[in-house]
Amino acid sequence: MAKQIVAGIDIGGTNTKYGLVDEDGKILLRGSVPTKKYEKADEFVKALSEIIITEAKKIPVPLDGIGIGSPNGNYYTGNIEFAPNLLWKGIVPLAKLFTEAAGVPV
């Protein structure tokens with residue numbers, strides 16, 4: 001039985017892939033959503049957070065955090081900065097938005 005699980009998110013210009021992984025690296029769940037469906041970053045974050053939280057509740061272990069890879073992601077600030085292949089322009093405080101929506105460290 002897993003003791004810890006985390007979500008991994010890979011944001012792409014066309015699709016975003018996500019998964020839940022245990023501390024041994026075993027993939028417990030994977031899925032994807034169309035990135036271009038969401039014109040605003042906060043709509044994307046809300047929808048994906050709801051999916052991840054709902055799926056994580058099916059596993060009897062709390063979600064401990066979320067890791068995200070994205071175009072023009074700034075590791076130090078948690079922002080996406082001027083990504084040319086995303087609809088969200090400028091600086092997007094993605095880690096902050098996910099932390100607020102999912103209630104876990106990002």
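Predicted model, so just to flag it, every value in this text is computed and none were measured.
Shown here for Leu63 and Ala7, the closest heavy-atom pair between the two residues is CD1-N, 3.7 Å. Taking both residues in full, the closest heavy atoms of Ile11 and Thr35 are given as CG2-CG2, 4.3 Å, listed atom of the first, atom of the second, then distance. The two residues Phe82 and Ile91 make their nearest non-hydrogen contact at CE1-CG1, 3.7 Å.
Distance alone, capped at 3.5 Å, places no donor-acceptor pair between the Asn79 side chain and the Glu81 backbone. Of the possible donor and acceptor atoms, one in the side chain of Asp22 sits under 3.5 Å from a partner among the backbone N and O of Asp24. Remark: side-chain polar atoms of Glu23 are paired, donor with acceptor, to backbone N or O of Lys3 under 3.5 angstrom. In this structure a side-chain-to-backbone donor-acceptor pair under 3.5 Å is missing from Asn74 to Gly78.
Between Ile52 and Ile9 the shortest side-chain heavy-atom distance falls below 4.5 Å. Using a 4.5 Å cut-off on side-chain heavy atoms (C-beta onward), Val92 and Ser70 make no contact. Residues Tyr18 and Ile66 have side chains not in contact (no heavy-atom distance under 4.5 Å, counting atoms from C-beta outward). With contacts defined as side-chain heavy-atom distances shorter than 4.5 Å, the pair Lys57/Ile53 qualifies. The side-chain heavy atoms of Val21 and Ile5, taken from C-beta on, include no pair separated by under 4.5 Å. Glu55 places a side-chain heavy atom less than 4.5 Å from the side chain of Leu20. For the pair Pro71/Leu86, a side-chain contact is recorded, criterion being any heavy-atom separation below 4.5 Å from C-beta on.
A search for side-chain hydrogen bond (donor to acceptor under 3.5 Å, both in side chains) contacts involving Asp10 returns nothing, not counting sequence neighbours.
With hydrophobic clusters built from ILVMFWY side chains whose heavy atoms lie under 4.5 angstrom apart, Val6 does not share a cluster with Val61.
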Identify each donor-acceptor pair in which a side-chain atom of residues 94-106 lies under 3.5 Å from a protein atom, sequence neighbours left out, and give them as a table.
unit_1 : atom_1 : unit_2 : atom_2 : d
Thr99  : OG1    : Ala95  : O      : 2.9

Point to revise | Evaluation steps, salt bridge (Lys or Arg N to Asp or Glu O under 4.0 Å), between Lys46 and Glu43 | key: CA-CA 5 Å; Lys46 181 180 177 189; Glu43 294 169 353; over 6 Å; no
Exercise for review: Given side-chain contact (heavy atoms from CB on, under 4.5 Å), test Leu87 with Tyr38 step by step and report yes or no.
Suggested key: CA-CA 8 Å; Leu87 295 176; Tyr38 303 96; over 6 Å; no
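Using cut-offs of 30° and 60° on the angle between ring planes, the pair Phe44 and Trp88 is tilted.
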